[in-house]
Amino acid sequence: MADRINFLYPVLKSSYYRRSHNPLSSLPLHPMSTEEKKEEKSLNFLEEIVEADLAAGKYKTIMTRFPPEPNGYLHMGHATSICLNFGLSKKYGGATNLRFDDTNPVTEETEYVDSIKEDVKWLGFEWKNEHYASDYFEELYEMAVKLIKKNLAYVDDSSSEEIAAQKGTPTQPGHRNKYADRPVEENLQLFADMKDGKYKDGEKVLRAKVDMASPNMLMRDPVLYRIKHAHHHRTGDDWCIYPLYDFAHGQSDSIEKITHSICTLEFVPHRELYDWLIEKLEIFPSKQYEFARRNLTYTVMSKRKLLQLVTEKHVDGWDDPRMPTISGMRRRGYTPEAIREFCDRIGIAKRDNIVDVGLLEFFVREDLNKKALRRMVVFDPVKVVITNYTNEDELLKSENNPEDPDGGEREIPFSNEIYIEREDFMENPPKKYFRLAPGQMVRLKSAYIIKCDEVIKDEKGNITELHCTYIPESKSGSDASGIHVKGTLHWLSVKHAVTVEVREYDRLFKVEDPSSEEGDFKDYINPDSLKVVKTAFAEPSLKNARFEDRYQFIRKGYFTLDKDSSTSGMVFNKTVGLKDSWKPQPAKKN
RNA sequence: UGCCAGGUGGUGUAAUUGGCAACACACCAGAGUUUGAAUCUGGUAUUCCCAGUUCGAAUCUGGGUCUGGUAUCCA
C-alpha cells in the first residue's frame with residue numbers, strides 16, 4: 001500500500017501533469033494525498049539519505065552521535081549539530097549517543113564535559129549512552145596492533161618536520177622512508193614500547209601504510225598515534241600514547257554502531273581515510289556525511305576566537321549574554337524551543353552561508369510572544385502630574401498576556417503622579433506622532449486617557465514635569481468617553497514603582513562577518529554592545545519575578561532575570577527588542 | 001597550484017529529480033490595534049557566466065569563473 005502511494009504520489013503531485021493529463025485535476029486529490037500534502041515538508045539531504053537507507057533495508061534503525069571535544073563551551077554551531085543528530089534519530093525512531101572526543105589530553109577538561117551535558121539537556125535532548133573516546137583506548141590499541149599485523153601500519157622514528165617534507169606537495173607525490181620497511185615483528189615490539197613509555201614525546205609515531213602518491217594528502221601514510229606524556233582528564237596517567245582524530249573517530253562510531261556519522265564540511269577529505277580504516281579493520285561500517293557549518297552575522301563562532309573574547313575580557317565570560325554560546329543565549333533569555341525551531345526551519349545544506357542573526361531573533365520573538373508575561377517598566381522617566389485626579393489611589397487590572405487567554409491578570413496601582421518614558425513626549429512633535437505632546441491625548445495602558453495641558457521646565461529649559469488632565473469616563477474596560485486615541489503608553493505610579501537594573505545588549509561586532517575583515521577580528525568589536533540602565537522603574541508585581549519567567553516589558557522588548565540578581569537588587573537582561581516599524585518623520589525644529 | 005566541496009531574491013532553504021522557481025525572515029504599502037508589537041491583506045526582488053542537448057534546463061553535457069576546505073604528531 002505504502003509503495004503504491006509512493007509510486008503514484010509524484011505523478012499526482014506534478015502540477016503540469018495534473019493539469020494536462022489528469023481528468024481529476026479539478027477535484028481534490030485522494031484523501032490520503034491531501035493529508036500528505038498538508039504535512040508536506042521537503043526533506044533535507046540527510047533525511048533523504050536516511051530514508052533511502054531505510055527503504056533499502058540497509059539498517060533496521062538508525063544511530064547517530066553528537067561528538068564534541070570537551071575543550072570549550074558549546075555554541076550555536078553545536079546547536080545545529082545537536083538538532084541535526086538528535087532530530088534525525090527522533091524522526092526515524094533511532095537513537096543518539098553523546099560522545100566526548102577526548103583524544104587530546106592537553107586541551108580537554110572535565111569542566112567542559114559538565115557544561116556540555118548541561119547544554120544538551122537544556123536544549124531538550126536525551127542521549128541514549130554517554131561515551132568517551134578515551135573509554136576505547138584499549139580497543140583502539142588492539143586495532144592498531146591488528147593493522148600492524150596486516151602490515152598496514154608502521155612505527156616511524158622521523159621528526160614531524162621530516163614526515164612533512166617526505167609527504168610531498170599537492171602536485172608531487174611523497175616518498176616513504178626506510179622505517180616503512182620495518183618488519184611486522186619489529187613494529188609490534190616498537191609500538192608496545194611506545195605504549196610502555198620507553199620513548200619521549202615526538203620520538204616515534206605510528207603511521208598507516210596507505211599511499212604516498214594519493215592526491216588526497218591525508219592518505220599519504222597518516223599518523224595514527226603520537227606519544228604524549230600528559231595527564232588525561234579521565235584516564236589519568238594510564239596512557240602515554242594517544243590516537244589521533246582519524247584513528248579514533250571512525251572506530252568509535254563503529255564500536256557504537258553509528259549508522260550515520262554527521263560532521264561538518266572540513267572533514268570531507270577525512271572520509272576516504274575513515275572508510276579505509278573501517279575496511280582494513282573489518283569493523284562495523286559506519287558512514288560519514290558532511291554538512292556546511294552555520295555562521296551567524298555580527299558574531300564569531302570559532303572556539304579559538306570565543307576563547308580570546310573571554311580570556312581578554314571583552315566579554316563577561318563564556319555565558320556573557322552577548323556570546324553565541326548556548327550558555328550565553330540561555331542567560332540572555334533565548335528559549336530552547338526558539339533555538340530548536342531556528343535550527344529546524346533554517347534547513348541544512350552543503351554550501352557556505354552566513355545566516356542573518358535577525359532570523360534567530362525572529363524565532364526568539366515568536367516563541368516569547370506566546371510565553372512572556374507583560375509588565376510595565378520605564379527606563380528614562382519624566383513625571384506626569386494628573387491635576388484633576390483627586391480620588392484615592394486605585395488598583396487597575398491588566399492582562400498578563402493578550403496572546404494567552406488563560407494567562408490571567410495582575411493589578412497595577414494608579415495615582416495622580418506617574419512616570420512615562422521621556423521619549424514618549426515631544427514638545428514640538430512631527431506629523432504622525434501618536435505619543436504625548438502639548439494639547440494631545442494618549443491612552444495610558446490599562447488606565448485612562450490623558451491630555452497634556454502644560455510643560456514645566458527648570459531654569460535651563462529641561463522638562464521636569466508634565467501637567468495633564470485625565471478623562472474619568474475613559475477607564476480601561478469601561479470606556480464611555482467615545483474618544484479614540486492613536487497612542488498608548490506604558491506608565492508607572494511614582495510612589496508605587498520599584499527600581500531594577502536593566503542590561504541591554506546589542507551586536508557584539510560592528511560588521512556582519514568579523515572573520516572575513518582585514519586585520520584582527522577584535523578590531524571590529526562593537527564598543528556599545530552593552531548598555532546598563534542602573535535605575536529603571538518597574539511595576540510592583542515584578543518584585544515577584546522568578547528566574548525561569550519570561551517577560552515582555554511593554555513597548556520595550558523581552559526580558560529575563562539575570563543570575564546577578566539578588567534580593568537587594570534585581571537585574572534584567574534584554575533578550576531581544578520588539579520589532580519597531582515606527583519611523584520618526586523629520587522633526588520640526590524647536 | 002593538486003585534490004575535494006559548493007554557487008538559486010538582501011539572508012537561509014525548497015523545487016516531487018527535465019515541466020508555471022516556492023517557503024520563512026528582511027523590506028515596502030495597506031487594514032486593524034488599549035503594546036507604532038502581535039495579527040491580517042497585498043507588493044518589490046532570484047537560478048554565477050558562455051555555449052550545447054531538448055518541445056522544454058536551476059536541474060543534463062562541455063568550457064570558464066568565483067567562493068570555501070585541505071596540504072598539523074588539533075578535532
Side-chain angles (χ1 to χ4, degrees), chain A residues 9-17 19-20 40-44 67-69 71 101-104 106-107 156 159-160 163-164 167-172 201-202 204-207 214-218 220 222-228 242 244-246 248-249 263-272 290 292 294 297 303 345-363 365-366 369-370 374 376 398 402-403 432 434-435 442-447 449 474 476-477 479 484-490 512 552-557 577-583:
Chain A
Y9 188 42
V11 177
L12 287 174
K13 266 180 77 187
S14 157
S15 55
Y16 171 81
Y17 215 91
R19 184 170 308 129
S20 41
E40 187 182 330
K41 200 189 165 232
S42 54
L43 301 176
N44 66 44
E69 182 188 11
N71 68 347
D101 225 342
D102 54 353
T103 58
N104 187 359
V106 302
T107 58
D156 194 326
S159 67
S160 71
I163 289 176
K167 275 210 173 176
T169 67
T171 45
Q172 292 164 304
D201 288 10
K204 285 182 167 47
V205 291
L206 183 73
R207 297 177 72 180
S214 171
N216 182 352
M217 296 292 286
L218 222 86
R220 323 248 262 223
V223 175
L224 267 23
Y225 266 92
R226 80 283 219 188
I227 298 169
K228 260 186 207 285
Y242 291 93
L244 273 99
Y245 167 85
D246 288 299
H249 203 98
C263 60
T264 44
L265 239 30
E266 68 266 29
F267 290 98
V268 169
H270 293 254
R271 190 175 60 231
E272 196 179 355
E290 312 87 9
R294 292 256 88 104
T297 53
K303 270 188 202 169
R345 300 245 305 258
I346 208 72
I348 199 72
K350 300 183 82 150
R351 63 182 132 190
D352 302 330
N353 61 78
I354 177 154
V355 186
D356 188 340
V357 70
L359 194 49
L360 207 208
E361 291 171 344
F362 164 80
F363 288 110
R365 284 193 196 100
E366 186 182 55
N369 181 42
K370 293 179 297 191
R374 311 295 134 122
M376 294 200 279
S398 188
E403 305 289 322
K432 297 227 206 142
F434 302 153
R435 281 113 102 141
V442 292
R443 150 97 41 204
L444 295 175
K445 171 70 181 169
S446 298
I449 291 173
S474 69
S476 184
D479 186 346
H484 290 280
V485 293
K486 280 292 229 176
T488 301
L489 308 184
H490 59 286
E512 281 199 354
Q552 185 199 98
F553 294 173
I554 293 176
R555 303 207 305 135
K556 285 292 189 183
L578 257 23
K579 206 175 131 178
D580 184 8
S581 62
W582 180 62
K583 289 170 294 296

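Proteins get letters first, then strands, A, B, ... in listed order; numbering begins at 1 in each. No experiment lies behind these values; they were computed from the predicted model shown.
Between B:A22 and B:U59, the two C1' atoms lie 15 Å apart (nearest whole Å). One C1' atom belongs to B:C23, the other to B:C66, and the distance between them is 28 Å to the nearest Å.
Below the 3.5 angstrom threshold, one finds a donor paired with an acceptor across the side chain of A:R443 and the base of B:U34. Counting distance only, with no hydrogens placed and no angle test, the side-chain atoms of A:S160 and the base atoms of B:U72 include no donor-acceptor pair under 3.5 Å. Judged by distance alone, with hydrogens and angles left aside, A:E403 brings no side-chain donor or acceptor close enough to the base of B:U39 to form a pair under 3.5 Å. No hydrogens or angles were tested; on distance alone, nothing pairs the side chain of A:R294 with the base of B:G12 as donor and acceptor under 3.5 Å.
Among the heavy atoms of the strands, none lies under 4.0 Å from A:L224. Residue A:D580 is classed as a sugar-phosphate contact, given heavy-atom separations below 4.0 Å to backbone atoms only. Using a 4.0 Å heavy-atom distance criterion, A:H270 is classed as a base contact. When heavy atoms are screened at a 4.0 angstrom cut-off, A:R365 is found touching no nucleic acid atom at all. Within the nucleic acid shown, A:Y242 has no heavy atom closer than 4.0 Å to any nucleic acid atom. Within the 4.0 angstrom heavy-atom criterion, no nucleotide atom of any strand lies near A:S214. Heavy atoms of A:Y245 sit under 4.0 angstrom from at least one base atom. Residue-level contact check: A:K556 touches neither bases nor backbone, having no heavy atom under 4.0 Å from any strand. Using a 4.0 Å heavy-atom distance criterion, A:R374 is classed as a base contact. Base engagement by A:V205 is indicated by at least one non-hydrogen atom pair under 4.0 Å involving a base atom. Residue-level contact check: A:E290 touches neither bases nor backbone, having no heavy atom under 4.0 Å from any strand. Using a 4.0 Å heavy-atom distance criterion, A:G477 is classed as a base contact. Using a 4.0 Å heavy-atom distance criterion, A:L244 is classed as a sugar-phosphate-only contact. As judged by a 4.0 angstrom heavy-atom cut-off over every strand, A:P67 is placed among residues making no nucleic acid contact.
Pairing for B:U70 goes to B:G2, judged as Watson-Crick or G-U wobble with the two contacts each under 3.5 Å. When both pairing distances are held under 3.5 Å, B:U35 makes no Watson-Crick or G-U pair with any nucleotide shown. Remark: B:C23 base-pairs with B:G12. Criterion, Watson-Crick or G-U wobble with two distances under 3.5 Å.
Partners of A:D156 under the salt bridge (Lys or Arg N to Asp or Glu O under 4.0 Å) rule, at least two apart in sequence or in another chain, are A:R207. In this structure, the salt bridge (Lys or Arg N to Asp or Glu O under 4.0 Å) partners of A:D479, at least two apart in sequence or on a different chain, are A:R443.
Atom CZ in A:R555 sits about 18 Å away from atom P in B:U33, given to the nearest Å. We find that CZ of A:F434 is positioned 14 Å from C1' of B:U34, with the value rounded to whole Å. At whole-Å resolution of the value, CG in A:L218 and P in B:U70 are 11 Å apart.
B:U17 takes the syn form, because its glycosidic angle lies no more than 90° either side of 0.
For A:K486, taking side-chain heavy atoms from C-beta onward, the closest of the listed nucleotides B:U33, B:G36, B:A14 is B:U33. With B:U34, B:G12, B:A24 as the choices, the nucleotide that has an atom nearest any side-chain atom of A:V355 turns out to be B:G12.
Phosphate proximity of B:A37 to A:K445: absent, as no side-chain N or O sits under 4.0 Å from OP1 or OP2.
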In the 5'-to-3' direction, what one-character label does each nucleotide of nucleotides 4-10 of chain B receive under the scheme B = base within less than 4.0 Å of a protein heavy atom, S = sugar-phosphate only, - = no such atom? S-S-B--
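Between A:F553 and A:H490, the distance from one ring center to the other does not fall under 6.0 angstrom.
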